[in-house]
Amino acid sequence: MPSLSVTHALKAQPGSEATVRGWVRTRRDSKAGFSFIALNDGSCFDALQLVAPTALANYQSEVLHLTTGCSIEATGTLVQSQGKGQSVEMQVTSLRVLGMVEDPDTYPVSPKRHTMEYLRDFAHLRVRTNTFGAVARVRHCLAMAVHRFFHERGFFWVHTPIITASDAEGAGEMFRVSTLDSSTRPTPSSGTGLQPVSTPSSSSSSSHHPDFSQDFFGKEAFLTVSGQLNVETYACALSKVYTFGPTFRAENSNTARHLAEFWMIEPEIAFADIHDDMNLAEEFIKYLFKAALDERPDDMSFFNEHIDKTVIETLIKVIDSPFERVTYTDAVKILEQAIQKGKKFEYPVKWGANLQAEHEKHLTEEVFKRPVIVRDYPKEIKAFYMRLNDDGKTVAAMDVLAPGIGEIIGGSQREERLNVLDQRLDEMKLPKEAYWWYRDLRKYGTVPHCGFGLGFERLILACTGMQNIRDVIPFPRTPGNAKF
RNA sequence: UCCCCGAUAGCUCAAUGGUAGAGCGAGCGGCUGUUAACCGCUAGGUUCUAGGUUCGAGUCCUAGUCGGGGAGCCA
């Protein structure tokens with residue numbers, strides 16, 4: 001008797017016998033001599049309808065007491081359904097209960113509408129719902145597509161470190177990694193303990209001075225905020241590489257788009273400029289969206305019906321149309337024109353200032369109505385490693401803005417000229433010694449290269465139409481919450 | 001971190017400063033090749049916490065905790 005997943009059972013030859021296992025979604029009893037059980041095992045969106053006859057030995061004692069969430073194993077014949085709503089169903093010949101729901105009244109995932117906020121408190125059970133099961137499958141599909149995309153194009157996956165003792169990751173607030181005891185514990189006067197390690201150098205000004213030479217790594221260590229600097233070294237030897245792994249930011253960000261622990265994809269390509277970088281980003285996004293539509297039509301149609309009625313249409317539009325490309329300078333002009341026409345922004349538009357979320361939203365949702373790549377930002381508002389343009393004022397940085405999501409990709413051509421890089425380090429008052437190995441890449445056979453970072457969960461948001469990033473990662477970590 | 005809003009049954013929400021309610025879910029019964037089933041009955045409450053105002057507080061005031069929306073930071 002073959003054991004089949006529900007997804008295979010639904011495609012089985014009528015008349016074949018099989019055993020299936022899963023969790024009960026609903027049970028309906030018919031006086032015609034049987035009960036209907038919707039069985040889901042997560043292998044696909046749909047449940048398999050079991051038809052359990054009263055003749056089963058345990059019909060009265062067990063089948064009639066099955067409730068949402070019970071785990072069972074059923075054996076029977078897969079047949080064409082006599083009813084509407086499904087093509088295949090199983091005529092059950094034996095049914096074994098693996099685990100009852102002890103008290104159905106306390107089972108948190110009852111068969112009714114639940115809010116995302118409520119289900120977040122039951123992250124261990126929420127994946128049994130339609131929505132979170134679909135998110136999990138699409139997430140997997142996208143992860144596989146990421147690797148396939150790069151593999152097909154000759155990229156190598158590089159496992160950059162999670163722990164970084166190189167105190168040179170740049171800006172961004174980091175989690176400290178330490179085996180020291182009392183010295184790293186917040187003192188009673190140090191407040192909530194939510195304060196991150198803002199930069200390695202600033203920590204020395206705090207009131208207590210842990211002796212990090214005594215710490216595990218012999219120096220301060222942190223969780224990575226980006227694998228970019230490390231992966232650049234591999235790009236400058238293997239030519240086309242990428243990272244895909246967890247990333248940590250200790251920023252006290254409380255939004256639907258930020259996590260303290262998230263997954264990031266960072267390709268890095270040698271012998272390439274900012275235009276190659278933008279082309280790669282565009283091709284990449286389109287490939288991933290297409291993969292979700294092609295490989296998870298069941299889950300995608302659920303999202304389109306219940307989460308965001310325009311998501312499939314939006315994805316198809318993104319796949320079919322070229323991304324708009326605009327320089328920062330032109331973007332500012334467009335925004336200024338919008339203001340002249342009466343558009344009101346909370347924040348002023350001014351060359352030299354960061355584009356605000358409302359500005360990005362206007363560009364991508366109102367002006368172009370599709371993804372927009374903004375490039376060549378003022379050097380003052382971007383990182384030291386971004387390549388200085390010939391105008392001396394801007395750097396070859398690019399952000400991909402997506403409608404409804406905002407910034408989904410941030411990337412740049414890297415500064416490959418040692419003298420210019422050094423000048424930038426000096427301007428930003430960064431210690432050259434700390435970047436010795438990064439500078440070595442420019443000393444020894446330097447090449448133009450570039451890359452970008454894609455927030456994996458933000459990609460999933462865009463792909464599914466889900467609203468909150470906490471609902472597209474299994475166990476979200478955010479300020480004040482590391483449950484489960 | 002800043003601004004705004006909220007917290008009442010398992011869930012989603014009502015309730016003019018004056019007896020605590022509905023829908024869904026759950027349990028029981030009925031009906032039905034059913035499928036967000038349908039019909040009936042039943043159970044279910046320290047109204048987030050601590051103070052305060054008042055004859056009387058779910059309702060008003062203060063503080064805190066937690067959650068949501070927006071912003072900043074960013075991916």
Side-chain angles (χ1 to χ4, degrees), chain A residues 25-39 46-53 64-65 67-69 79 81-86 89 91 101 103-122 130 170-173 191-192 194-196 198 225-228 246-266 281 305-306 345-347 354-358 360-361 381-383 399-402 405-411 452-462 467-470 478-481:
Chain A
R25 280 292 176 81
T26 58
R27 188 196 92 235
R28 294 175 296 277
D29 305 318
S30 167
K31 277 288 137 44
F34 37 75
S35 292
F36 298 103
I37 298 164
L39 186 77
D46 287 319
L48 175 67
Q49 174 156 285
L50 308 180
V51 183
L64 280 182
H65 297 100
T67 58
T68 304
V79 298
S81 179
Q82 297 168 35
K84 290 175 182 157
Q86 61 283 316
E89 66 189 15
Q91 296 286 348
V101 168
D103 180 1
D105 202 26
T106 64
Y107 184 58
V109 190
S110 52
K112 74 177 291 287
R113 280 196 163 279
H114 293 293
T115 59
M116 301 290 176
E117 295 80 41
Y118 168 75
L119 288 169
R120 237 168 260 156
D121 290 334
F122 303 97
N130 282 336
E173 296 167 337
T192 61
L194 251 183
Q195 282 76 24
S198 55
V225 294
S226 163
Q228 182 204 314
T247 310
F248 307 87
R249 302 274 168 92
E251 283 141 14
N252 192 7
S253 302
N254 294 286
T255 79
R257 292 178 246 304
H258 289 85
L259 291 165
E261 177 184 286
F262 64 100
W263 286 62
M264 185 155 66
I265 299 146
E266 296 173 290
E305 206 167 314
H306 289 102
F345 291 117
E346 193 187 337
Y347 289 86
N354 258 311
L355 294 181
Q356 301 295 318
E358 57 175 349
E360 298 180 342
K361 213 176 157 86
I381 58 174
K382 288 292 179 181
D399 285 349
V400 180
L401 313 176
I405 307 295
E407 187 179 337
I408 190 167
I409 282 179
F452 60 78
L454 168 74
F456 188 50
E457 285 76 17
R458 288 189 182 175
L459 170 80
I460 301 170
L461 287 180
Q467 296 290 307
N468 196 309
I469 202 163
R470 295 163 200 203
T478 52
N481 175 28

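Note that the structure is a prediction, hence the values are computed from the model and not measured. Chain letters run A, B, ... following the sequence lines, proteins first and then strands; every chain starts at 1.
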- [ ] Could you tell me which residues satisfy ring-ring contact (aromatic ring centres under 6.0 Å, His included) with A:H65, sequence neighbours excluded, listed by chain and number?
- [x]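 Applying ring-ring contact (aromatic ring centres under 6.0 Å, His included) to A:H65 gives none.
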For [X], give me all partners under side-chain hydrogen bond (donor to acceptor under 3.5 Å, both in side chains), at least two apart in sequence or on another chain.
X: A:D46; value: none
X: A:R27; value: A:D29
X: A:N254; value: A:N252
X: A:S30; value: none

Looking at [options], which one has an atom nearest to any side-chain atom of [X]?
X: A:E89; options: B:G68, B:G25, B:G33; result: B:G33
X: A:F34; options: B:A26, B:C74, B:G33; result: B:G33
X: A:T26; options: B:G33, B:A37, B:U32; result: B:A37

Rounded to whole Å, how long is the line connecting atom [atom1] of [X] with atom [atom2] of [N]?
X: A:I469; N: B:G68; atom1: CD1; atom2: P; value: 14 Å
X: A:Q49; N: B:U34; atom1: CD; atom2: P; value: 10 Å
X: A:H65; N: B:G27; atom1: NE2; atom2: C1'; value: 11 Å
X: A:F36; N: B:C31; atom1: CZ; atom2: P; value: 16 Å

Open item on the list: Does a side-chain N or O of A:R120 approach OP1 or OP2 of B:G68 to a distance below 4.0 Å, or not?
Closed with: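 Yes, such a contact exists.
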Can you give me the N/O atom pairs linking the protein to nucleotides 6-15 of chain B at distances under 3.5 Å, or say none if there are none?
unit_1 : atom_1 : unit_2 : atom_2 : d
B:C11  : O2'    : A:K112 : NZ     : 3.4
B:C11  : O2     : A:K112 : NZ     : 3.0
B:U12  : OP1    : A:T115 : OG1    : 3.3

TODO: Name the nucleic acid region contacted by A:S30, choosing base, sugar-phosphate or nothing; use a 4.0 angstrom heavy-atom cut-off, strictly under.
DONE: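 Here A:S30 touches the bases of the nucleic acid.
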Set of salt bridge (charged side-chain N to carboxylate O under 4.0 Å, His left out) partners for [X], sequence neighbours left out:
X: A:E89; answer: none
X: A:D121; answer: A:K483
X: A:R120; answer: A:D471

Anything under 3.5 Å between a protein N or O and an N or O of nucleotides 70-72 of chain B, put it in a table, one pair a line.
unit_1 : atom_1 : unit_2 : atom_2 : d
B:A71  : O2'    : A:Y347 : OH     : 2.9
B:A71  : N6     : A:N254 : O      : 3.4
B:G72  : OP1    : A:Q356 : OE1    : 2.6
B:G72  : OP1    : A:A357 : N      : 3.2
B:G72  : N2     : A:N252 : O      : 3.2

Open item on the list: Could you tell me if the side chain of A:W263 sits less than 4.5 Å from the side chain of A:T247, heavy atoms only?
Closed with: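 Heavy-atom side-chain distance check fails, nothing below 4.5 Å.
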Please state the [atom1] separation for the pair [N] and [M] - nearest whole angstrom.
N: B:A22; M: B:A43; atom1: P; result: 12 Å
N: B:U54; M: B:C60; atom1: C1'; result: 9 Å
N: B:C2; M: B:C73; atom1: C1'; result: 12 Å

Open item on the list: Applying side chain to side chain contact (heavy atoms under 4.5 Å, CB included), can you list everything that pairs with A:Y347, at least two apart in sequence or on another chain?
Closed with: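 If we apply the side chain to side chain contact (heavy atoms under 4.5 Å, CB included) test to A:Y347, skipping adjacent residues, the hits are A:Q356, A:E358, A:H359.
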Open item on the list: For the backbone of A:K112 and the side chain of A:S110, can you confirm whether one donor and one acceptor N or O come within less than 3.5 Å of each other?
Closed with: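 Not confirmed, A:S110 side chain does not pair with A:K112 backbone.
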TODO: Represent RNA chain B in dot-bracket notation, 5' to 3'. Only Watson-Crick or G-U wobble pairs with both distances under 3.5 Å count; pseudoknot-style crossings use [ ] and interstrand partners use |.
DONE: (((((((..((((....[..)))).(((((.......))))).....(((((..]....))))))))))))....
